[in-house]
There are 2 protein chains.
Amino acid sequence: MNITEAESQIMQALWRKTPLTADEIVADVRARQPWAEATVKTLINRLLKKKAIKSERVDGRHQYVPLVDRANYVQDESQGLLDRLFEGQLAPLVAHFAQNRKLKREEIARLKKLIAELDDDD
Amino acid sequence: MNITEAESQIMQALWRKTPLTADEIVADVRARQPWAEATVKTLINRLLKKKAIKSERVDGRHQYVPLVDRANYVQDESQGLLDRLFEGQLAPLVAHFAQNRKLKREEIARLKKLIAELDDDD
DNA sequence: CAGCTCAAATTACAAGCGTAGTCCGATGAA
DNA sequence: TTCATCGGACTACGCTTGTAATTTGAGCTG
């Protein structure tokens with residue numbers, strides 16, 4: 001039930017806008033990836049088989065809709081990374097980026113604001 | 001030159017302690033994964049072929065040493081995730097976790113401290 | 001020296017994946 | 001009605017990955 005890297009391009013398209021026809025997916029994906037049309041079609045079919053998306057015939061054409069939720073997917077992927085590399089926690093990741101000076105001033109500002117709001121919320 | 005999920009277990013072992021003999025790697029990895037010894041050996045060899053680790057014969061036995069740097073690997077993986085799912089930026093990731101209430105009070109505190117220090121540093 | 005033992009290297013093999021071409025059936029045009 | 005077209009389904013194929021067994025080679029043992 002795993003969505004592969006390549007397949008995730010199709011999901012991204014559907015997450016941006018739903019539903020889409022096969023053509024629209026192809027167009028969206030091909031704007032980003034140098035794949036043949038047939039390749040995108042294959043990916044769509046694999047996702048159908050995996051029940052990650054579904055299709056319904058709407059007057060002649062197929063419309064595709066995601067069945068897996070983006071937030072969910074993102075959560076799983078992210079947590080997976082944290083688990084593999086950062087003992088499951090977010091702070092060490094942030095620390096890593098901080099240490100490696102991979103944070104632009106603007107990002108720091110955003111983070112700061114975020115954290116502050118968090119505090120309020122909680 | 002890609003390190004797969006399974007292979008990364010061997011890397012983790014070597015990053016924890018270097019150098020290690022094949023036996024030691026096997027022991028370390030098998031403490032975490034239910035893999036046959038042969039499997040771990042295979043992974044070691046694939047990493048050798050990929051030049052992700054090297055071995056040197058030290059009186060009869062082979063000693064294995066990582067050639068790729070952990071910080072580097074972590075950086076690449078993390079950035080990859082950010083690129084794929086968060087427009088390459090850290091703040092959206094943190095925001096995602098925040099929104100999904102995946103942050104424990106303690107983690108928030110840690111983040112807060114981190115960000116504060118960052119500010120100082122910078 | 002002949003065999004045994006253990007580590008290292010080689011080989012195996014199915015499933016998944018990236019990448020894509022081909023086939024088939026419905027729909028519209030002539 | 002026949003033919004061309006087009007979208008969707010099916011087939012293809014080599015590479016990678018997970019998982020592991022088998023073979024080889026070097027040193028130890030008798």
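Heavy-atom basis, side chains included; hydrogens, waters and symmetry copies ignored. Protein chains get the first letters and strands the later ones, always in sequence-line order, with residue 1 at the start of each.
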Student check: side-chain heavy atoms of B:Ile10 and B:Leu14 closer than 4.5 Å: yes
Contact summary for A:Leu43 and A:Glu7, nearest pair of heavy atoms: CD1-CG, 4.0 Å
Nearest-0.5 Å distance, CG of residue B:Asp28 to CD of residue B:Gln33: 10.5 Å
Residues forming a side chain to side chain donor-acceptor pair (under 3.5 Å) with B:His62, sequence neighbours excluded: B:Ser55, B:Arg57
Smallest separation among heavy atoms of B:Leu85 and A:Glu77, with atom names: CD1-CB, 3.7 Å
Close N/O contacts between protein and nucleotides 7-17 of chain D (under 3.5 Å):
{"residue": "D:dG8", "atom": "OP1", "partner": "A:His62", "partner atom": "N", "Å": "3.1"}
{"residue": "D:dA9", "atom": "OP2", "partner": "A:Asn45", "partner atom": "OD1", "Å": "3.4"}

Leading and trailing nucleotides of DNA chain C with any atom under 4.0 Å from heavy atoms of chain A: C:dC17 to C:dG21
Exercise: identify the closest heavy-atom pair between B:Gln79 and B:Gly88: NE2-O, 3.2 Å
Atom pair distance, as rounded to whole Å: CZ in B:Arg30 and P in D:dT19: 13 Å
Interface residues of residues 72-83 of chain A with DNA chain C (non-hydrogen, below 4.0 angstrom): none
For the student: nearest non-hydrogen atoms of A:Val65 and A:Pro19, plus distance: CG2-CB, 3.8 Å
Helical bend (five base pairs per end, nearest 10°) for the helix from C:dC1-D:dG30 to C:dA30-D:dT1: 30°
Gap between atom CG of A:Leu118 and atom NZ of B:Lys112 - 0.5 Å precision: 10.0 Å
Distance, nearest 0.5 Å, that separates CG of A:Leu48 from CD1 of A:Ile53: 4.0 Å
A:Gln12 vs A:Arg70, side-chain hydrogen bond (donor to acceptor under 3.5 Å, both in side chains): CA-CA, chis, key distance, verdict: CA-CA 8 Å; A:Gln12 302 279 1; A:Arg70 181 182 144 93; 3.3 Å; yes
pair B:Tyr73-B:Met11: side-chain heavy atoms closer than 4.5 Å: no
Between D:dA20 (P) and B:Trp35 (CH2): distance, integer Å: 9 Å
A:Phe97: partners by ring pair (Phe, Tyr, Trp, His ring centres under 6.0 Å), with sequence neighbours left out: none
Sugar-phosphate only, base, or nothing, as touched by B:Ile44 at under 4.0 Å among non-hydrogen atoms: nothing
Shortest non-hydrogen contact from A:Ala91 toward B:Glu107: N-OE1, 3.0 Å
